[in-house]
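Heavy-atom basis, side chains included; hydrogens, waters and symmetry copies ignored. For reference, positions follow the sequence shown, starting with 1. Please read these numbers as outputs of a predicted model, since none were measured by experiment.
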Amino acid sequence: MAYYQPQHQMQSQMQNQMQTQMRRSYEPPPPQQSTYGAQRAGVGLLFQTSHDGKIVVKEVVQGMSAWRSNAIKPGDVIVRVGHVNVQNQPLANLRELILGEPGTYVTLGFSRGGTVQFFETKMMRGTADYLDKHMPSQQQQQQQQQQQQQQQEREERS
């Protein structure tokens, strides 16, 4: 016996699917639950595949770990995640390698400007709110360093 859905229910389901698929590419995805129940988060990088198959940074999301590091720029080519070469892999694989439990670290390797210049950077996974609580921004770090330096100078004078 076949089951038939009324047409208005099918249209509603199709609209929901289309809205999900039409999410803007620059919007970071919502935090995901891992199979262990903990939330998963990234570092705030959006990628795209270039015409020659390389995975290129499309955008660095403000407030996230990659933005706070100030090391990664749009156009940088990701080469490695940890010790895994990610060249010529699907974006879905890259995403799974980068995402992890907030507060954990991931090391990403990049090349810049089509040259052999290679660099690595280690970043904490987490949402901007999580990072605000657990990782000070560069400006906050500089302020803390200045305050510590001023405190040391005061102590030396007395």
query: Taking it one step at a time, do Gln151 and Glu155 satisfy side chain to side chain donor-acceptor pair (under 3.5 Å)?
result: CA-CA 6 Å; Gln151 180 67 29; Glu155 289 173 0; 3.2 Å; yes
Pairwise side-chain contact, Met123 with Ile72, heavy-atom cut-off 4.5 Å (strictly under): yes
query: Under the 6.0 Å and 45° cation-pi test, does Lys122 pair with Tyr105?
result: yes
query: Any salt bridge between Glu59 and Lys73, counting N to O under 4.0 Å?
result: no
task: Flag the pair Val79 / Gln87 as yes when at least one side-chain heavy-atom distance between them is below 4.5 Å, and no otherwise.
output: yes
task: Please lay out, stage by stage, how Asp52 and Ser50 fare under the test side chain to side chain donor-acceptor pair (under 3.5 Å).
output: CA-CA 5 Å; Asp52 58 356; Ser50 67; 2.2 Å; yes
message: Looking at Arg112 and Val77, would you say the former's side chain and the latter's main chain have a donor-acceptor pair under 3.5 Å?
response: no
field: Any side-chain heavy-atom pair of Glu101 and Gln39 under 4.5 Å
entry: no
message: Are the side chains of Leu97 and Val84 in contact, using a 4.5 Å heavy-atom criterion?
response: yes
task: Answer whether the closest heavy-atom distance between the side chains of Thr49 and Leu91 falls below 4.5 Å.
output: yes
message: Between Met64 and Tyr130, is there a side-chain heavy-atom distance shorter than 4.5 Å?
response: no
- prompt: Quick one: does Leu131's side chain get under 4.5 Å of Arg68's, heavy atoms only?
  reply: yes
